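So the structure is just underneath, and the comments pick up after that.
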2 protein chains.
Amino acid sequence: MAAMRKKKAVKTPKGDQTSKLILDTALEMFRERGYEQTTMRAVAEKAGVSLGNAYYYFRSKEHLIQAFYQTMHDEHVVLVLPALEKLDTMKARLLTVIRLKIDVMKPYHQFAGVLFKTAGDPQSPLNPFADEANAVRVASIQLFEKVVEGTKARIPKDLRAELPYLLWVYHMGIILFWIHDRSPKHRRTYRLIDRTVEMVDKMIYLASNPFMRPLRKHALALVDELRDAAEDIMDQEEEPK
Amino acid sequence: MAAMRKKKAVKTPKGDQTSKLILDTALEMFRERGYEQTTMRAVAEKAGVSLGNAYYYFRSKEHLIQAFYQTMHDEHVVLVLPALEKLDTMKARLLTVIRLKIDVMKPYHQFAGVLFKTAGDPQSPLNPFADEANAVRVASIQLFEKVVEGTKARIPKDLRAELPYLLWVYHMGIILFWIHDRSPKHRRTYRLIDRTVEMVDKMIYLASNPFMRPLRKHALALVDELRDAAEDIMDQEEEPK
DNA sequence: GCGGTTAGTTGAACGTGTTCAAAATTCCGC
DNA sequence: GCGGAATTTTGAACACGTTCAACTAACCGC
């Protein structure tokens, strides 16, 4: 529970229990009846605590969602790391990571859309242009670093450096797609994953080709720009054109 | 005002006035003090109407934002159409459309982020995977249809059909970036526009090349998949693999 | 065991988004 | 101009997210 985003660090085993109880209760209720339809009062009552107590552990209703996102990430990591050890092609590794992510989130399909409620918030872990202070976001991108570093594919250094971020953005897109997917067992999402992973794999291969270097450099410079949006210091014309 | 998303169609000139007054008041207050800090009570009071009256015209606070988005689109169209008549290259047309969009939204930079508050909502005009019922979204994509159809660039038919949607998604990305941009006069955003428009132009040129047809077909099929996420009918395996 | 500190818990109250029945105003046909 | 219908306006009340002062429980040093 220590990795969970909470109002304050829980100091006792009893507090740990209460915190977990509140979160579990909330997630279950979100799943059953939806996020908007679940009130904090209902969560507290079902968990057998006071409303204020729920707020003692979770600063806001939205923080429950962030805790959920953290939980999803943690579960994802647990599944991914052993799986990656058996795979060495870029394609297989990426396919596994993305599929497992959807698998992990599956029970929460109904309310997963609220994850994107703060997509425009610079502090949101889901925001591609966010500042980088968010721990889950950092950790999630690091997982893609592992995908990249463990592959046998020959990838130029400059591309290797940016790929985790790009793959992370790609995976956010897949999650967004999945949220909208109403096909049986989200077949459409898995199909899209299959196809896009294949395409991404090819693109990485193409982009790694030496004759693509100028174009690649150019594109990667743009990616760098994308990540600078949240810099709030004076823009100092870092690169001569 | 008729194009504005409201609780109910306004039936009288007086109603029109009140509706406009409320919206103008709200947007001004959003700009001055931010969306979250502006209460519906404050808007109503400043507009000189009752709180319930504000809700008579705008179903929710969020609907004010949607009316804002509609207003931005309307203003954008007014500027874009005459400008496009003077341009025929893809690059120039696209550059103009994107730049003007940022120009139009500029006064509202402070609260434009809330536009993305409903990015995960299938009904949101901003959502790339949304169902297509939203009028502003449709109209916005149609504007990019005009960009495409008025260009002298030779673009294959299949790409032409998908390009407005893709350009629209691209432009949403630019807006999201802009929201985070804190550089003076959003220089970073304009710079990114310049560079990405150039890149997009090149990609269109490349993708239009006959030897790219198989790859293009493949990619466009994926784009088609992307737009199907919101279909809530049974997935009938439309295409043989 | 006591006292002080820390951690956890409570429930009344606040602010804000929203609703809705009633009242007021406007519209329109006769 | 009147009456009925339609439209607009109102403000009290509701629901829900959130806060916070007061209380309770647990911890720890002496």
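All chains are named by letter (A, B, ...) in the order of the sequence lines, taking the proteins before the strands, and each is independently numbered beginning at 1. FYI, side chains are in, hydrogens and waters are out, and symmetry mates aren't considered; it's all heavy atoms of this structure. Since the structure is predicted, the reported quantities are computational estimates derived from the model, not experimental observations.
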field: DNA chain C: 5'-proximal contact among A/Ala54 and B/Thr38 (nearest heavy atom)
entry: A/Ala54
- request: Please tell me which of B/Thr18 and B/Arg41 maps to the more 5' nucleotide of DNA chain D, matching each residue to the nucleotide holding its nearest heavy atom.
  value: B/Thr18
Any B/Tyr56 side-chain nitrogen or oxygen under 4.0 Å from OP1 or OP2 of D/dT9: no
message: Are B/Phe111 and B/Phe68, when compared by the centres of their aromatic rings, separated by less than 6.0 Å?
response: yes
task: Take the protein atom CG of A/Leu21 and the nucleotide atom P of C/dT9, then report the distance between them rounded to whole Å.
output: 10 Å
message: Other residues, nucleotides and ligands only: do more than 12 of their heavy atoms fall within 6.0 Å of CD on B/Glu45?
response: no
Phosphate-side-chain proximity, A/Tyr57 and C/dT9, N/O vs OP1/OP2 below 4.0 Å: yes
query: Please give, in whole Å, the distance from C/dG8 P to A/Ile22 CD1?
result: 11 Å
query: What is the distance, rounded to the nearest whole Å, between atom CG of B/Leu51 and atom P of C/dC20?
result: 14 Å
- request: Could you tell me the separation between the CG atom of A/Asn53 and the C1' atom of D/dG17, rounded to a whole number of Å?
  value: 16 Å
message: Any side-chain N or O of A/Tyr55 below 4.0 angstrom from OP1/OP2 of D/dT18?
response: yes
message: For a side chain to side chain contact (heavy atoms under 4.5 Å, CB included) check, start with the C-alpha distance between A/Leu143 and A/Leu81, then their side-chain angles and the critical distance, and finish with the verdict.
response: CA-CA 9 Å; A/Leu143 192 54; A/Leu81 292 186; 4.0 Å; yes
query: Would you call the rings of A/His186 and A/His109 parallel, tilted or perpendicular, where under 30° means parallel and over 60° means perpendicular?
result: tilted
query: A/Gln17 CD to D/dA25 C1': how many Å, rounded?
result: 15 Å
- request: Respond yes when some side-chain nitrogen or oxygen of A/Thr12 is under 4.0 Å from OP1 or OP2 of D/dA26, and no when none is.
  value: no
- prompt: Nearest-Å distance, CD (A/Glu45) to C1' (C/dT10)?
  reply: 15 Å
task: With the side chain of A/Ser50 defined as its heavy atoms from C-beta on, choose the nearest nucleotide among D/dT10, C/dG17, C/dT10.
output: C/dT10
query: How long is the line joining CD of A/Gln37 and P of D/dG17, in whole Å?
result: 11 Å
statement: Tightest non-hydrogen contact, residues B/Thr38 and B/Met29, listed as OG1-O, 3.2 Å
message: For a quick test of reading the model: is some side-chain N or O of B/Lys14 closer than 4.0 Å to OP1 or OP2 of D/dT9?
response: yes
- prompt: Please give, in whole Å, the distance from C/dG11 P to A/Met40 CE?
  reply: 16 Å
